[in-house]
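On a predicted model such as this, the values are computed, not experimentally measured, just so you know.
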Amino acid sequence: MRVLVLNPGSSTLKASLIEAGEEVSADELVEWPPGDDDSTASDVVRDVLARVPPDPEAVGYRVVHGGMAYRAPSRVDGALLAAVEE
């Protein structure tokens, strides 16, 4: 199984493609441009995705703070997205 792991930080977006039972098969780091423009963030994500091999079977995304409700890895659903937005 190929899992794409996205790890956004304050100044960079790190993407790793991990093959089950193997080492990391791709590892990319892209700096966020200054500012809070959502369209620019989308461009950065597209840029990093273009650098890793295509067709992951699953995606993991790190959220820095899940508040009191989320203290462990969680499947993304409507409730989780609403909590993150809040």
Side-chain angles (χ1 to χ4, degrees):
M1 174 179 265
R2 289 179 309 280
V3 179
L4 175 63
V5 179
L6 298 174
N7 183 357
S10 60
S11 63
T12 60
L13 172 64
K14 182 177 182 182
S16 300
L17 188 68
I18 301 170
E19 302 272 348
E22 297 181 24
E23 298 284 324
V24 174
S25 62
D27 207 15
E28 294 292 334
L29 186 68
V30 177
E31 289 190 21
W32 295 113
D36 291 328
D37 184 0
D38 286 341
S39 64
T40 304
S42 296
D43 292 339
V44 170
V45 172
R46 276 193 214 69
D47 183 33
V48 80
L49 292 176
R51 298 178 186 198
V52 296
D55 302 324
E57 297 167 84
V59 176
Y61 187 85
R62 179 178 162 258
V63 175
V64 176
H65 193 292
M68 297 300 291
Y70 296 97
R71 295 176 178 241
S74 303
R75 186 172 298 273
V76 176
D77 60 13
L80 184 138
L81 290 174
V84 170
E85 280 292 321
E86 189 178 288

Testing the basics here: between Val48 and Ala15, what is the closest heavy-atom pair and its distance to 0.1 Å?
CG2-CB, 3.6 Å
I'd like to know if the side chain of Trp32 and the backbone of Thr12 have a donor-acceptor N/O pair within less than 3.5 Å.
yes
Would Val59 and Leu29 show up in the same hydrophobic cluster when neighbours are defined by side-chain heavy atoms closer than 4.5 Å?
no
Would you find a donor on one side and an acceptor on the other, under 3.5 Å apart, between the side chain of Ser74 and the backbone of Ala72?
yes
To the closest 0.5 Å, what do you measure between CD (Glu28) and CG (Leu6)?
12.0 Å
Worked check of side chain to side chain contact (heavy atoms under 4.5 Å, CB included) between Lys14 and Asp27:
CA-CA 7 Å; Lys14 182 177 182 182; Asp27 207 15; 3.2 Å; yes
Quick check on Glu57: does its CD atom have over 12 non-hydrogen neighbours (other residues, nucleotides or ligands) under 6.0 Å away?
yes
Have a look at Val30 and tell me which of Val45, Leu49, Val44 forms a side chain to side chain contact (heavy atoms under 4.5 Å, CB included) with it.
Val44
